[in-house]
Amino acid sequence: MKPHSLLLLSALAAASPHPAHQSPLGPTSPESIIDASPFLSFHRDIVQIPSVTGTEHNVGTFIADFLAAHNFTVHKQAVDTGRFNIYAHPSQASNPEILVTSHIDTVPPFLNYNVTHPTNAADTVIAGRGTVDAKGSIAAQIFATLDILRSAPTAPLALLFVVGEETGGDGMRTFSTSELNKPYHTIIFGEPTDLALVSGHKGMLGFEVIATGHAAHSGYPWLGESAISAILPALSRIDQLGNVPDGLPSSPKYGKTTVNIGRVDAGVAANVVPGHAAADVAVRLAAGTPEEAREIVRAAVADATGGNPAVYAEFRTRMEGYPPQDLDVDVAGFPVTTVNYGTDVPNLEVREREDGRPVRRYLYGPGSIHVAHGDNEAVTVGDLESAVDGYRRLIGAALQRD
Ligand SMILES: [Zn+2]
């Protein structure tokens, strides 16, 4: 995106609350493209309401009101004070079998909605926080569902828009253990996948590495015990655990398990022998279970430190881990890919069906994960519109299985 076009648009937006009607760019101005489409206008409306995790209330209210106005029965499921999930089904279909879901929270900071002047309508670029992750998915899911309900008003569908996906999934976990979590035969998750069906994503394991020492004057280091000296061999070993034969496993589907030592906190000053060191580690698992990975990490720390009891991996203080998540890709006409990011998929426990039919789970949505958490988060109108069609096809295939 060119900075000067952004400046021009901000100037236009500042000059008039309704730039589409007064814009010197005329009838093909980007704003008029948005205004002319109920779908793109809804996407704009929900992007313009900030919803950084913890502050989802207002966008939740907006979406709930929109669905109620379109003949959905809407449940606001409390997650904590002022925060709720939205669960909605067509008023004429109270036993949903297909769940279509995404998340209404975004990462910080809020970034203004902004449309750049297109060469043609489909290439119009819509920028702003949440345009991709995941309000593009939400808008496309809702409009695909509305399309389907026009010809099949009793289609057994439910929509679920949760809070808290970006910080551990408290919204989805609340839904998962509630009675609204029924034995659906199909669950469609919306996240940025570049319009590909995702055949799975890696698992996750978080932990800390902690070393305790004994502070002393740095001129007399033999009077203390350096927690940093103690932790270093453990960290160098952990750093390579995805790259060595006896380390964390790889798989043909997901490639290597990767390790990120994302934060280290140790010591107080250059002239003090450090009494404490701690590191925060995130592992993306390509194979195996979190418990197997914990054993490998424990053994690696013990081996690298010669069994030093002052250095250890602490798993209790970090979020629950989960194994790689395999997903379904049996609907024709989509590119297929794997992704490396985490989603709410593992937070939604699948309820087995009495008829023994397999439960299918899909992950699909517009926009690229590569911009999703960046200050350049943006998506094209063409991708958003393709996603409406993509969700329509996924829901259509699920309805055919009834
Ligand atoms: Zn997301």
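In each ligand, atom 1 is the first atom listed, and ligand 1 is the first ligand listed. Computed over heavy atoms, backbone and side chain alike; hydrogens, waters and symmetry mates excluded.
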Q: Give a yes/no verdict on a cation-pi contact between Arg393 and Phe334, requiring under 6.0 Å between NZ or CZ and the six-membered ring centre and an angle within 45° of the axis.
A: yes

Q.
Under 2.8 Å from the Zn ion (ligand 1), is there any N, O or S atom belonging to Glu191?
A. yes

Q) With under 30° as parallel and over 60° as perpendicular, where do the rings of Tyr341 and His201 fit, or are they tilted in between? A) parallel

Q | 4.5 Å side-chain heavy-atom contact, Met204 and Arg284 | A | yes

Q) Is the Zn ion (ligand 1) less than 2.8 Å from at least one N/O/S atom of Asp133? A) yes

Q: Please find the N/O/S atom of His103 nearest to the Zn ion (ligand 1) and write down its name.
A: NE2

Q | Contacts of Arg263 that satisfy side-chain hydrogen bond (donor to acceptor under 3.5 Å, both in side chains) - sequence neighbours left out | A | none

